[in-house]
Amino acid sequence: MRLEIAEAVNMEKQPQNKRRGLAPREVPPAVGLLLIMALMNTLLYLCLDHFFIAPRQAIVDPRHCPYGHFRIGQMKNCSPWLSCEELRTEVRQLKRVGEGAVKRVFLSEWKEHKVALSRLTSLEMKDDFLHGLQMLKSLQGAHVVTLLGYCEDDNTILTEYHPLGSLSNLEETLNLSKYQNVNTWQHRLQLAMDYVSIINYLHHSPMGTRVMCDSNDLPKTLSQYLLTSNFSILANDLDALPLVNHSSGTLVKCGHRELHGDFVAPEQLWPYGEDMPFRDNLMPSYDEKIDIWKIPDISSFLLGHIEGSDMVRFHLFDIHKACKSQTPSERPTAQDVLETYQKVLDTLRDAVMSQAREML
């Protein structure tokens, strides 16, 4: 009897022992550490991808509206360009924020939106003013400041307001602590690409090949463009965009005065020496390749002097050397320059990402 009871007890213990043998084992600390490191690497790769290749701008312009309409800020629907009556009654002028030879610009308000109201400075400049208005109307798109309305009777133009102001303010803006995260060679090279994209657009615009004539020195050139809050560039001042037509032999001259310095292209300089006084009627005309000559100087300003900017300059040396050819026809097109910039950005981005991954 005792033997039967003992056998029964043993039979009860055996399944329990088997169940205890199937209990999950604890994960060794080393394995857990490896899993955590793998997760951290994955997250770091995602961060690197976002930092280096995330698009800064949407491919489709979010402001897109039918011709003669606009949308700014949080507007859900497109509105027709404002008329003279609407400009007079709905726009409240606040303070002057800029002045040039053609226009005075005032920070203003329209339906709780900050806007820029431009007024003609002098009737002597009205032709330039109307030319700029015509260009604004005709070249609306992702590369040009948004037109909100105009009144030829009052000599006023209303455009979208960009608080960071002209491109001249770039260094001052990037020196602010809140913008340190975008003060990198990647973002600065993207700005240079924005600039070249605008030049390329002007050279292939709906209004034909247009030359940016208000660009006889660096400060003047920078003042023609706006820096947006998402750190892109827009063309703003279009008062001097003469037409080049190679088919008909139509070339341009930027102004009627003698130009000096090495910022302007060689063909813009008086070719007959100091012994012969400058005469506008003897000055040869030129084409859009004067814009190409200036690209290296503008890009150098945009790249600044931060970590990595000299590395970018080194990779752009050949294309910039070609831009500075003394022979205009040997200079690359704006599209050629843009494609080279994109290749350099891709190459350097991939190299930096590869180095970062090797350090993990």
*Are the side chain of Thr121 and the backbone N or O of Ala101 linked by a donor-acceptor pair below 3.5 Å?*
yes

*Check the surroundings of atom CG in Asp275: do more than 12 heavy atoms from other residues, nucleotides or ligands lie under 6.0 Å from it?*
no

*Atom of Ser309, atom of Gly304 and distance for their closest heavy-atom approach*: OG-O, 3.2 Å

*If we ignore angles and hydrogens, is there a donor and acceptor under 3.5 Å between the side chains of Thr184 and Gln186?*
yes

_Worked check of salt bridge (Lys or Arg N to Asp or Glu O under 4.0 Å) between Asp346 and Lys343_ = CA-CA 5 Å; Asp346 292 342; Lys343 289 177 183 177; over 6 Å; no

*Consider only side-chain N and O atoms of His131 and Asp239, and report whether a donor and an acceptor are under 3.5 Å apart.*
no

*Evaluate the side-chain contact (heavy atoms from CB on, under 4.5 Å) criterion for residues Leu170 and Leu191: first the C-alpha distance (whole Å), next the side-chain angles of each, then the deciding distance (0.1 Å), finally the verdict.*
CA-CA 10 Å; Leu170 178 64; Leu191 285 175; 3.8 Å; yes

_Tell me if a side-chain donor or acceptor on Asp214 pairs with a main-chain N or O of Thr221 at a distance below 3.5 Å._
no

*Could you name each residue pair satisfying ring pair (Phe, Tyr, Trp, His ring centres under 6.0 Å) that touches residues 278-314, not counting sequence neighbours?*
Trp270-Phe278

_Could you check whether atom OH of Tyr67 has more than 12 heavy atoms from other residues, nucleotides or ligands sitting under 6.0 Å from it?_
yes

*Considering all heavy atoms of both residues, which atom of Phe70 and which atom of Pro80 are nearest to each other, and what is their separation?*
CE2-O, 3.3 Å

*Taking the side chain as every heavy atom from C-beta outward, state whether Pro332 and Cys323 have any atom pair closer than 4.5 Å.*
yes

*Determine, for Lys220 against Asp237, whether the closest basic-nitrogen to carboxylate-oxygen distance falls under 4.0 angstrom.*
no

_Smallest separation among heavy atoms of Asp291 and Met212, with atom names_ = OD2-N, 3.3 Å

_Heavy-atom pair of closest approach, residues Ala265 and Lys294_ = N-CE, 4.4 Å

_Is it the case that the side chain of Trp110 and the backbone of Val115 share a donor-acceptor pair, with hydrogens and angles ignored and the cut-off at 3.5 Å?_
no

*Could you give me the CA-CA distance, side-chain angles and deciding distance for Glu288 and His246, then say whether side-chain hydrogen bond (donor to acceptor under 3.5 Å, both in side chains) is met?*
CA-CA 10 Å; Glu288 74 277 8; His246 289 283; 3.0 Å; yes

*In the single-linkage hydrophobic clustering (I, L, V, M, F, W, Y; side-chain heavy atoms under 4.5 Å), do Leu302 and Val312 co-cluster?*
yes

*Between His320 and Tyr341, does the ring centroid distance fall short of 6.0 Å?*
yes

*Verify whether one side chain among Asn230 and Thr228 offers a donor that lies under 3.5 Å from an acceptor in the other.*
yes

*More than 12 heavy atoms of other residues, nucleotides or ligands under 6.0 Å from CD of Gln180: is that the case?*
yes

*Answer yes or no: is there a donor N or O on one side and an acceptor on the other, between the side chain of Tyr201 and the main chain of Leu139, under 3.5 Å?*
yes

*With no hydrogens and no angle check, is any side-chain donor or acceptor of His113 less than 3.5 Å from a backbone partner on Glu109?*
no

*Do any pairs count as a side chain to side chain donor-acceptor pair (under 3.5 Å) and have a residue in residues 166-178, sequence neighbours left out, and if so which ones?*
Ser166-Ser168, Glu171-Arg188

*With a cut-off of 6.0 Å (strictly less than), are more than 12 heavy atoms of other residues, nucleotides or ligands near NE2 of His256?*
no

*Do you reckon Val97 sits in the same ILVMFWY cluster as Leu234, going by side-chain contacts under 4.5 Å, direct or chained?*
no

*Can you check whether Met193's main-chain N or O pairs, donor with acceptor, with Ser197's side chain at less than 3.5 Å?*
yes

*When you measure from the side chain of Gln140 to the backbone N and O of Lys137, does any donor-acceptor pair fall under 3.5 Å?*
no

*For the pair Arg119 and Asp154, find out whether any cationic side-chain nitrogen is under 4.0 Å from an anionic carboxylate oxygen.*
no

*Begin with the C-alpha distance, continue with both residues' side-chain angles, and end with the deciding distance and a verdict on salt bridge (Lys or Arg N to Asp or Glu O under 4.0 Å) for Asp128 and Lys103.*
CA-CA 10 Å; Asp128 290 338; Lys103 303 184 294 285; over 6 Å; no

_Salt-bridge contact Asp318-Lys321 (side-chain N to carboxylate O under 4.0 Å)_ = no

*Check: Thr159 side chain, Val145 main-chain N or O, donor-acceptor pair, under 3.5 Å*: no

*asked:* What verdict does the side-chain hydrogen bond (donor to acceptor under 3.5 Å, both in side chains) test give for Gln335 and Thr333, after you've listed the backbone C-alpha separation in whole Å, the side-chain angles of each residue and the deciding distance to 0.1 Å?
replied: CA-CA 5 Å; Gln335 182 63 39; Thr333 65; over 6 Å; no

*Flag the pair Arg331 and Asp336 as a salt bridge only when some basic side-chain nitrogen lies within less than 4.0 angstrom of an acidic carboxylate oxygen.*
no

*asked:* Ignoring hydrogens, what is the shortest heavy-atom contact between Met283 and Leu269? Give both atom names and the distance.
replied: CE-O, 3.4 Å

_Please determine whether salt bridge (Lys or Arg N to Asp or Glu O under 4.0 Å) holds for the pair Asp280 and Arg257, giving the CA-CA distance in whole Å, both sets of side-chain angles, and the decisive distance to 0.1 Å._
CA-CA 7 Å; Asp280 184 42; Arg257 299 178 181 177; over 6 Å; no

*Donor-acceptor pair, Ser118 side chain versus Thr156 backbone, under 3.5 Å?*
no

*Return yes if a side-chain donor-acceptor contact under 3.5 Å exists between Thr327 and Ser329, otherwise no.*
no

*Work out which heavy atom in Ser248 is nearest to a heavy atom in Thr250; give both atom names and the distance.*
OG-OG1, 2.8 Å

